[in-house]
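Heads up, the thing below is written out as structure tokens.
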Amino acid sequence: MDSFSETDLFCPLCTGIFEVAAILKCGHNFCRACLKQFWNYNVRHSCPLCGTLSHCNKAPINLELTRAADKYRAQMDIRGFCVSHNEKLKIFCHNDEQLICLVCQLSKQHKVHKCSPVEEAVQQKKTEISNQLDSLKTELKILNKTEKSWAETKVYIQTQAKADEAVIKEEFEKLHQFLQQEEQTRLNALQQETETKIDVMSRKLETIRGHIKDLSSSISDVEKRLKAPDLMFLREYKNTKARVKCNLQRPECFRNILINSAEHLGSLVFEIWKKMENIVKHVPVILDPNTAHHNLSISPDLSSVQRGRKKVLPDNPERCTGQMCVLGAAGFKSGKHSWTTEVGHTKDWSIGVALESFKRKNFVSLKPSEGIWAVSLCNGDSLFAKTCPRSKLPMKHKPEKITVELDYDKGRVVFRNATDSTTIYAFKAKFTERIFPYFSLGFPDGSQNESKLTISPMRIKVEVE
């Protein structure tokens, strides 16, 4: 800036400090934007000051002057002076959000704008920014909390995968052991039949080989006697006649002496499959561990739930944290469905169905208006239908198995005592979304009785049509 005076840094057209200075052949400088605007109305491309014609459509930039103007503008800004009027910046324009001087406030550009003194604007804008900063800090806390939760979820996914892998291997090991045992049993049966029939044939062969030896000896002896002199032959005729007289029986024809391949191989896979009825279990409802409360433990085969120690689990959207409950893995949107739950000697339980949208993170009363249709046993002696208000149900004997029958299309949920098929209670509703089996356990009573709910397995039957 040393080679330029202060007046050199202002554009003759806009009277403001140069933004980007363009120099003409005559030596005059103008803002490039101002010169372009001037030339839009002057097709001769002449200098706005002296009228000298320019033969180029775009004037070159005066880099030295532009840098000097930038440096001067920065100095004016540090000193708190208006770059246009060299007046102190005492006013803040709220519309343009910039500092201005008193002259700027009276100008056409800011005359109708909302303005206030710097001191007043500072407090207002600091409060505004502080509030926004607090909001950003809140967002940062949420992000940090989410990041931590997601990191824990990633670790849990790995742990969950290893646990599931162990269960899969264990279940397949059981199948492998069954098949190996079945294979060995069948091989043993085949070997036993083989040894028995080989022994029979060995003894028969020994007998027939003895007969062959005796008969061959007799034939050889008789042939020798036939070659003897006549007197000697006649002298031994009586003995020879007795020797050729054979009373041997013809060899017997053995039936069923071959290996019974039909018995060993016939429908082999099917017969093994039928035997698997005794070791394969099927339950109509599979529990979803991703919905289970932190204090509930799900069996490896996902068919039973019991109260246990609190576990560190991800607070995923599906998980129920407001209720001590777990849901079935599969929801229903149509059709008829039923399942039976063994409650045993558990004193506090609730069983039923729940809408997919019921509030899983908050404590809610078990009632249809909250999206839950259930019956509950309290303290081991009181049975209730979870209506609003709840309805106490007659109970001659505490049920040990509860069957839930859901007819989605007709909107019916019926609870029966599985022991005698008597109806405990029936709800009538209108379902418009997916509905899930619902299982809940109360707090432990301190007794030796185990609080546990188990889905009863269904009978598997292999048939041929």
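Only heavy atoms go into these numbers, but all of them, side chains included; no hydrogens, no water, no symmetry mates.
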- Under the salt bridge (charged side-chain N to carboxylate O under 4.0 Å, His left out) rule, what pairs show up with a residue in residues 126-151, not counting sequence neighbours? Lys125-Glu128
- Close side-chain approach of Ile460 and Met276, heavy atoms under 4.5 Å: no
- Hey, are Lys275 and Glu182 close enough for a salt bridge, meaning a charged N less than 4.0 Å from a carboxylate O? yes
- Can we say Lys169 and Glu165 salt-bridge, meaning some charged N sits less than 4.0 Å from an Asp/Glu carboxylate O? yes
- Query: Below 4.5 Å, heavy atoms only, C-beta onward: do His294 and Thr321 meet side chain to side chain?
  - Reply: yes
- Query: Which residue pairs satisfy the side chain to side chain donor-acceptor pair (under 3.5 Å) criterion with at least one member in residues 26-39, sequence neighbours excluded?
  - Reply: Asn29-Asn62
- Task: Of all the heavy-atom pairs spanning Arg360 and Pro317, show the shortest one and how long it is.
- Result: CD-O, 4.0 Å
- Pairs satisfying side chain to side chain donor-acceptor pair (under 3.5 Å), at least one member in residues 385-400, at least two apart: Thr387-Ser391
- Query: Under the side chain to side chain donor-acceptor pair (under 3.5 Å) test, which residues partner Gln184, sequence neighbours left out?
  - Reply: Asn188
- Taking side chain as C-beta onward, heavy atoms only, is Ile298 less than 4.5 Å from Val326? yes
- Can you list every salt bridge (charged side-chain N to carboxylate O under 4.0 Å, His left out) pair that touches residues 309-335, not counting sequence neighbours? Asp315-Lys361
- Task: Kindly state each residue pair satisfying salt bridge (charged side-chain N to carboxylate O under 4.0 Å, His left out) with at least one member in residues 10-27, sequence neighbours excluded.
- Result: Glu19-Arg73
- Can you check whether Val404 reaches Thr341 side chain to side chain, under 4.5 Å on heavy atoms? no
- Nearest heavy-atom neighbours spanning Thr454 and Ser304: OG1-CB, 3.4 Å
- Any side chain to side chain donor-acceptor pair (under 3.5 Å) pairs touching residues 414-441, not counting sequence neighbours? Ser357-Glu433, Glu405-Arg416, Arg416-Thr423, Asn417-Thr419, Asp420-Thr422
- Query: With side chains defined as the heavy atoms from C-beta onward, is the minimum distance between Ile279 and Leu175 less than 4.5 Å?
  - Reply: yes
- Task: Would you mind listing every ring-ring contact (aromatic ring centres under 6.0 Å, His included) that reaches into residues 106-163, with sequence neighbours excluded?
- Result: His110-His113
- Note on the structure: Nearest heavy-atom contact between Ala385 and Phe427 is CB-CZ, 4.3 Å
- Over all atoms of both residues, closest heavy-atom pair of Pro48 and Leu13: CB-CD2, 3.9 Å
- Query: Hey, are the side chains of Phe92 and Ile100 touching, using non-hydrogen atoms and a 4.5 Å cut-off?
  - Reply: no
- Query: Which residues satisfy the salt bridge (Lys or Arg N to Asp or Glu O under 4.0 Å) test with Asp288, sequence neighbours excluded?
  - Reply: none
- Looking at side-chain heavy atoms only, is the closest gap between Lys88 and Leu102 below 4.5 Å? no
- Query: Which heavy atom in Ile17 sits nearest to a heavy atom in Cys31, and how many Å separate them?
  - Reply: O-SG, 4.4 Å
- Task: List in chain and number order the residues that pass side chain to side chain donor-acceptor pair (under 3.5 Å) with Thr403, two or more places apart in sequence or in another chain; answer none if no residue qualifies.
- Result: Thr340
For residues 370-379, dump all side-chain donor-acceptor pairs below 3.5 Å to protein atoms at least two apart in sequence or in another chain.
{"residue": "Ser376", "atom": "OG", "partner": "Ser350", "partner atom": "OG", "Å": "2.5"}

- Message: As a quick check of understanding, evaluate side-chain contact (heavy atoms from CB on, under 4.5 Å) for Leu89 and Val118, giving each step before the final call.
- Response: CA-CA 8 Å; Leu89 299 171; Val118 168; 5.8 Å; no
- Task: Scan for side chain to side chain donor-acceptor pair (under 3.5 Å) pairs involving residues 261-273, sequence neighbours excluded, and state none if there are none.
- Result: Glu193-His264, Asn260-Glu263
- Query: Do the non-hydrogen side-chain atoms of Arg307 and Lys452 ever get within less than 4.5 Å of each other?
  - Reply: no
- Query: Can you name the nearest heavy-atom pair linking Ser46 to Phe38, along with the distance?
  - Reply: O-CE2, 3.7 Å
